*Asks:* 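Could you have a look at this structure, given as structure tokens, before my questions?
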Amino acid sequence: MPELPEVEAVRLELDPYFTHYRIEDVDVRRPDLRDPFPRRFRARLAGQTVERFLRRAKYLLATLASGDTLAMHLGMSGWFHVSAPGGPARVLDKHDHVIFHMSSGALIAFNDPRRFGMMTLLTPKQLAAHPVLSTLGPEPLSDTFDAAALARACRGRKTPLKVALLDQGVVAGLGNIYAAEALHLAGLSPMRAAGTIVTAAGEPRESAYRLAAAIKDVLTRAIARQTAKSYRSARFQVYDRERERCLRPGCGGRIRRRTQGGRSTFYCPRCQK
DNA sequence: ATTGAGACCTGTCGGC
DNA sequence: TGCCGACAGGTCTCAA
């Protein structure tokens, strides 16, 4: 279930087990995930100390003493499970594909039934030139993301607003759920052309301000829920609520679902214009 | 340059 | 109970 808030929750959970610890060894239990593991993956990881453990968009990045960066993506179904030193050992699952043996004694298992996840090792040069990582848009919760940045990225685009929000080059880390939630909170239709939140002169319209604020709001609250461990029961305002009533006070519309870019979009036709 | 469709994989759920 | 299709929170590639 990984969009930005979930990946951030994973980062927070794993950080104490990765940062400043040495990867003693790695079990790689199959030749590939979405892509094959790089050559000498295990050899290049074994013995390396993790200096920093970061998130960028939906990627987790472990910076190693060697200078290489271990880049990981959870795909649709990826997750990590930690067995703390001295605690109960995890019973190996058939979808535990990679197991990090840390110098603390912790075991960190990457589990991913659908195998849409990825894991690779990048030299500093490869990291800087990475076709995806180097073209990501701004982090939505940073100061570099605001109405002006959003307007710049949407200017002149006829693609539907929802589709633009899923473009990681526009803003990094939104996925299908939070894109729908942000549009609902901002009161904007997912079908309107992305360029309509920008004036001809390139200035953000009021809708761009609302949308940028809604994105920050939705993600911030989702992260707070994640870290409070109450997210299992998380319900959304529009996502997965087809035919139910809109929860915006005073609206009372019916949530609809339609397909955009091959994915389900949920929205309220009454209050999202 | 954009955009849509299909591909990658397994699991789950609802209907019959 | 079993079978079948639809669908799933992501991304990539290819054709138009």
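Because the structure is predicted, anything quoted here is derived from the model rather than measured. These numbers come from the heavy atoms of this one structure, side chains and all, not from hydrogens, waters or symmetry mates. Proteins get letters first, then strands, A, B, ... in listed order; numbering begins at 1 in each.
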*Asks:* Please evaluate the base of B/dC9 for a donor-acceptor partner in the side chain of A/Arg115 within a cut-off of under 3.5 Å?
*Replies:* no
*Asks:* Without decimals, in angstroms, what is the distance between A/Asn176 CG and C/dA8 P?
*Replies:* 8 Å
*Asks:* Answer yes or no: is there a donor N or O on one side and an acceptor on the other, between the side chain of A/Arg254 and the main chain of A/Arg270, under 3.5 Å?
*Replies:* no
*Asks:* Hey, does A/Val163 reach any base, or is it just sugar-phosphate, or nothing, if we go heavy atoms under 4.0 Å?
*Replies:* nothing
*Asks:* From C-beta outward on A/Phe116, which listed nucleotide comes closest to its side chain: B/dT10, B/dT3, C/dG10?
*Replies:* C/dG10
*Asks:* Mapping A/Val132 and A/Arg114 onto DNA chain C by nearest heavy atom, which one lands closer to the 5' end?
*Replies:* A/Arg114
*Asks:* Can you tell me the distance, in whole Å, between the CD1 atom of A/Ile223 and the P atom of C/dG9?
*Replies:* 20 Å
*Asks:* Identify which nucleotide among B/dT10, C/dG9, C/dA8 has an atom closest to any side-chain atom of A/Arg257, counting heavy atoms from C-beta outward.
*Replies:* C/dA8
*Asks:* Could you verify whether a donor N or O on one side chain and an acceptor N or O on the other, from A/Ser189 and A/Gln272, lie under 3.5 Å apart?
*Replies:* no
*Asks:* Taking for each residue the nucleotide of DNA chain B with the nearest heavy atom, is it A/His95 or A/Arg34 whose nucleotide lies nearer the 5' end?
*Replies:* A/Arg34
*Asks:* Between the side chains of A/Ser77 and A/Asp112, does any donor sit under 3.5 Å from an acceptor?
*Replies:* yes
*Asks:* Heavy atoms from C-beta onward define the side chain here; which of B/dT3, C/dG10, C/dA8 lies closest to that of A/Ser264?
*Replies:* C/dA8
*Asks:* The side chain of A/Arg263 lies closest to which of these nucleotides: B/dT10, C/dG10, B/dG11?
*Replies:* C/dG10
*Asks:* With rounding to whole Å, what would you report as the distance between B/dG11 and C/dC12 at their C1' atoms?
*Replies:* 22 Å
*Asks:* Once you round it to whole Å, what is the distance between P of C/dT11 and CG of A/Leu165?
*Replies:* 14 Å
*Asks:* Describe the nucleic acid contact of A/Gly262 in one word from base, sugar-phosphate, nothing, applying a heavy-atom distance below 4.0 Å.
*Replies:* nothing
*Asks:* To the side chain of A/Lys58, which of C/dG10, C/dG9, C/dC7 is closest?
*Replies:* C/dG10
*Asks:* Over how many whole Å does the gap from A/Gln260 atom CD to C/dA8 atom P extend?
*Replies:* 13 Å
*Asks:* As a test of reading the structure: which of B/dT10, B/dT3, C/dG9 is closest to the side chain of A/Met76, going by heavy atoms?
*Replies:* C/dG9
*Asks:* Roughly how many Å is it from CG in A/Asp112 to C1' in C/dG9, rounded to a whole number?
*Replies:* 13 Å
*Asks:* Output the single nucleotide from C/dG9, C/dC7, C/dT11 whose closest atom is nearest the side chain of A/Gln168.
*Replies:* C/dT11
*Asks:* Please tell me whether A/Phe100 and A/Phe18 form a close aromatic pair, meaning their ring centres lie under 6.0 Å apart.
*Replies:* yes
*Asks:* Nearest heavy-atom pair of A/Arg11 and A/Phe53: which atoms, and what distance?
*Replies:* NH1-O, 3.4 Å
*Asks:* Side chain of A/Tyr239: nearest nucleotide among B/dT10, C/dT11, C/dA8?
*Replies:* C/dA8
